[in-house]
Every structure is written in C-alpha cells, then in structure tokens.
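Every chain is numbered from 1, with letters handed out A, B, ... down the list of sequences.
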Amino acid sequence: MSNIYLQDISRGIIKENPVFRLVLGMCPTLAITALFRNGLGMGLSAAAVLICSNVVISSLRRFIPDRVRIPCYIVVIATFVTIIDMILKAFQPALYEALGVFIPLIVVNCIILGRAEAFAGKKPVLRSLFDGIGIGIGFTLSLVILSAVREIIGSGTILQETPYVAHVFGTAFEPMAVIAQPAGAFIVLGLLLALANVIFKRLNVN
Amino acid sequence: MEKLLSIIFIYILVDNFVLQRFFGICPFLGVSRKMETAMGMSMAVVFVMALATLVTWLFYTHVLVPLRLEYLQIVAFILVIASLVQLVETVLRKISPTLYQGLGIFLPLITTNCAVLAVALLAVQNEFTLVEAVVFGIAASIGFSIALIIMAGIRERLELAKVPGALQGTAVTLITAGILSLAFMGFRGMLSL
Amino acid sequence: MRNILRLSLTLAVVGLVSAALLTVVNNWTAPIIAERQLQDYLRSVREFFPGAEQTRQEELEGALFDLIYDGAGNLLGVIGKNIEYKGYGGPVKYNLAVDKEGKIVGYRIVSHSETPGIGDIITRPEYQGKFTGKGPAEIDGVDTQSGATVSTSAIKGSIKRVTAAAGAAFLGMEEERFDISAVPDGIYQGTGKGLLGDIVVEVTVSGGKIAGITVLEQSETPTFFVNAYPAIPDLIVAEQKLEVDTRTGATGSAEGIVKAVRDALEKALAGGEK
C-alpha cells in the first residue's frame, strides 16, 4: 500500500477529524450518544454510507455533468441510507428503534455530501475509498469517545443494551443523569472539544 | 383543536427541535454569530419548513402510498425538498429581489438542514393529518427560530467576554447551548401527544 | 438543447438505478422484517396463550381477529385486535383474548380517553382480572364500578358482545338464545337495571312471538335514552331474539331494556304475573 493511501486514511482520523476538527455532522453526534452502543451503531452506519457513496460517486465522476452533480450525489447518498435503514430494521431491530429518525437523517449529514463534493467528485476511486474509510473511522471514533464518556458518567454503565453490560462504579453508584440528557450532550461535547483543542495545539496539528 | 394547540406548544417549547431533539444543529452553530443573520435564517426556515411539510405530506399520501413505494421515502423526500428550495429561490429572485437579498443566501443551506427532512419524516411517522402536519412544521420551525435567536443574542455578548483559549469558538458555544437546553428542560413533561 | 437532454437523461438514469436497487433490497429485507414483526407479535400473544406458534387473521363485524394455534395446529383461542367501542370520554380500543372454550383469558386496552383516576380503572390489572375465565353469559355478573359506571358498563357490554360473536364465529359456540316460542300468550311486566336506575317494561307475547314492548318506568338521562328507545324494542320485535346489538350510543340503557324484557319473559315461563 503506497504512502498516499495511508495519508488519505490518517487525514480523516486526526487532521481532518469530522467532529473534533471540522465540527460537522453535529446532529447525530449530539443526539444518539447517550449510550455507547448507539454511538458505535451510528458511527458505523454513517461510515458505511460514506464509503459506499464515495466509491460510487468517484467512479461516476466522468459521467455526471457538472450542473446536475448535487442532485445526483444526493440520490446516491439517499439510496445507500435507505439500504442501511432496511438492513438495520431487518437485522438490528433494537438498534433501529434506538437510532430512530437519525438513520434517514444520515442523508443530510454534511460530512457525507461534503466529502462527495470536496473529494470523491474529483479524485480516483481507490483514493476516495480510503478517504471514506479514514473519515468513517474518524467519525465513529469521535462518537464512541463521546458516548463512552456520556454513558459512564450519565448512566454509570458501559455497553448497556448489549449482553456485555458492566456497572463501572458498582450498582450503588448514583449516576449524574443530566449528562445522559440533551443538555449533557452539549456540555460534554463542548468540554471534549476544548480538550481536543488543547491536545491538537500541543501536538502542533494544524 | 386541542391536538393542534398541543402540537404547537410541544414543538416550540417542550420538544424544542434544536435544544431537545438536536435537529438543525449545523445552522444553529453556523449562523448564530450575529442577530441579523439569525433572524434571516429563522424566517427562511419557517417558510421552507411549512412548505416542505405540506408538499412532502401530499407527495407521500397521494403518490408513494398508492404506488406502494413507501420504501423510496428517504430518496423522494430529499429530492422534493431540494427542488422545493431551488424553486423558492428562483421564484423569490423574480418576484421580490429585496426579500431574496435577505433570505437568498440562506436557502441553499436549508437543503442540508436536517430539521427540514426530520419534520417531513416525523409528520408521516406520527400519522398526522394534513393540517396537523403543516402546524407541526410551523411550530417546529418557530421552536428552531427561538433557539437560534436566543443563541445569537448570547453570542453577541460572548464576543466581548474573555473566554479561555481552549474553549474559544465552537466549544463555548456548545456549553452555552447546553445551559440553554437545561433551561428548556423545565418544560419537560408538561404535555405529550 | 442537447445539453438539457443529457442533464435530464443523467438524472433519470441515476434515479432509475437507485429505485431499482432499492426495490431489490426491499424485496430481500421485507420478508425478514415481516417475520420479525410476527415473532414480536407472537411474543405478545404468548402472554395470553403460552403455546402460540401460528396465527391466522379473520375479519368479523369490521374488526380483525387472530386465530391462535399451537405448533401442531390445534386451536388455542382467538384474539380480537383493536376492538373499538364508545366509552365515556371517547373511543376506546382494546385487544381481547378468548380461549377455545369461549372463556375470557384477558384484555388489554390499546388506547382510551376515559377520565384519569376514575374511568381509567378499565386499564388496571385488578379490574381486568375480574373478567378472566368468564363466558359471555357470566359477564353481567362483573361489578360495574361506582363513580365509573359509564366506563365500566360500556366495556362490559363490548366484551360480552365480542366474546359471544367471536365464540359463535370461530369457536363453534352456540349463541345461547332465549326460547321465545315457549312463552304462553299474554302481557308480562319485567324489571332490569339501566344505567341510572330500574327500567320497567311491559311485553306483549302472542302466538309464541313478541308482539310489542313498552317502557313503563325509567330514570335514564333523556338525551341518552332516545338512542335506545324505541330502537331497541323495535329491534327485539323485528329479530325475535333478545341477543340484539346494543351498541347504540346509550349502551347502558339498551342493556337495561334487554334485561327487563328477559326478566319479564323468564317470569312468564315460571308462570308469573300477567
């Protein structure tokens, strides 16, 4: 694997991390991160859509006239979102219920249309694939970190709604419930963003 | 009537689209820097959301359901919304250049405002009637506008405040939104559908 | 011109490919989703019938009923879904489970708008338990709740009617019918409990048939009572049976009239007052 592909992957995870660097895709980031399982499920679903749409859009880039590219991108993205929606409904009904309307809303996640417009519409298929993987991992990782923090503090558990549920501080722990509420989502993400700012500054990442 | 009133109350205050349901966060963070732009965006959103719920509801009930193509809902809705926004932009430019100058720049942003798609999807999911759906669209967009305008007011003051380096920018905005959301939690449980 | 053609052609092709792809995926997942929803439904059915494995849907009087079978295909009972009637505060919907002997297993309210704290007693397990094991003939024996008379008598009326109808249609139960032809000719008086008090009727029997019914005394709410009288007596005379449809908008009063007529005829059979 040549260097450029590695760069495409790592750029999405750190330098252009969609949540902590570009502050994109905020709706699902805030809405479904009260539980670790939902954050992971959302991250992977969005990543799957992003990778597929990146590849398809990149391979169609010579056939799509410039003037209708945005509607075409939207149709491609919406198609993959519907497929993910159906698959989750069939095979992961509990997760499907938990994510609710935020699955169809992946369509309007600015990250995906943004990558189509900025990258996949111009670059070769293989690079677009790795770009999708990188951004997908970056997005999933951000959701996983945020949801882990919120679940541990807000519910006192980790991996709730899965067979591997664990009570982090024992069952007697009285969790800080507001963190699992909408208000907590804003505050925790704000603080994590500040933390990320400090870390990136130390590491000299621009 | 009773149901319409509860829809209005719920979606403006109790289930505020931005602060409790997290729809339309991107424009909420993006255009809340100045009061003037916040007002413009609010107006455009109210207009488009009312229209979008109306059109998507009619499209779903009278085209998708009779053809048994409900599974094309997501693709169809986003296309309907995108063309609707395009249409509004064109018409507005022709008939009212002054209004276009005020709202025009916000219109393209609205296509990817997830609040618009959310309102269309939820109106169908909640099995609202046509009138209920439109009222729902208007109430949700007013809720969105209230959150946006309050936020703009706060951020204009925040400009003058000393914010620690790491918190500057989006971080402090998010924490402020969190405190606002806490305040809106006071409406929790007052009404439900 | 050629440019516009190319633009719209591209859009159309992209749209068509998308629709085709989604149709394929939908055809693949739809049966899986349906199967899962069936399993979810069976799980809720097993609350009433633990051995449930298969269901078959039937329609009766505009409501849907599921016949419930075990793995070997033996009928376990029947569940009426979203049965609707008019309660005190508005329409009430409930699911009713009846076993293969025509006895009630239980019911669950799906939606209602009865008064919280009063009429919503119909949603409570303590009240619902009173119906368990009862057949249509024994439902009159369930108490109406004072303070919630309308709500409770409305659901009793609905349950009684549905149990009897479902029993007759699906479980091979004979609807227990009063044998009018055995009653000697004459004019008889009888009393039945309406919603607010006793209803006294006079029944004229001639040639083994009910010739006429007049209400002599009643203390029902006038605006409700007009829904039951003279409609219910007319119905009894027309159909020559006591098991008539009492859903009138004044079910309590209607049931009261039927009870009074039955009382009169029973007394007549026993050789009672003329």
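The shortest heavy-atom contact between A:S45 and A:I84 is CB-CG2, 3.9 Å. Across all non-hydrogen atoms, the minimal contact from A:P175 to A:G154 is CB-O, 3.3 Å.
You'll find the side chain of A:L126 reaches within 4.5 Å of the side chain of A:Y5, heavy atoms only. Inter-residue side-chain proximity for A:N54 and A:L129 is flagged as unmet; no heavy-atom pair is nearer than 4.5 Å. Looking at heavy atoms from C-beta onward, A:N38 lies in side-chain contact with A:L95 at the 4.5 angstrom threshold. Counting only heavy atoms from C-beta outward, the side chains of A:F80 and A:I106 never approach each other to under 4.5 Å. Between A:I179 and A:V149, every side-chain heavy-atom pair lies at or beyond the 4.5 Å cut-off. A heavy-atom distance below 4.5 Å is not found between the side chains of A:I153 and A:F169.
Close approach to chain C, defined as a heavy atom under 4.5 Å from one of its heavy atoms, is seen in no residue of residues 156-164 of chain A.
Of the listed residues (A:C72, A:P71, A:A90), the greatest number of heavy-atom pairs within a distance under 4.5 Å of chain C belongs to A:A90.
Ion pairing of A:K123 with A:D131 is absent here, as no side-chain N (NZ or NE/NH1/NH2) approaches a carboxylate O to less than 4.0 Å.
Proximity to chain A involves both the backbone and the side chain of C:L22, based on heavy atoms less than 4.5 angstrom apart. Only the side chain of A:F91 comes within less than 4.5 Å of a heavy atom of chain C; its backbone N, CA, C and O stay farther away.
Distance alone, capped at 3.5 Å, is enough to place a donor-acceptor pair between the A:R150 side chain and the A:Q181 backbone. Listed for the A:K122 side chain is a donor-acceptor partner under 3.5 Å among the backbone atoms of A:E117.
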Short of 3.5 Å, which donor-acceptor contacts do chain A and chain C share? List atoms and distances.
residue	atom	partner	partner atom	Å
A:T79	OG1	C:S18	OG	2.8
A:K89	O	C:R36	NE	3.1
A:K89	O	C:R36	NH2	3.1

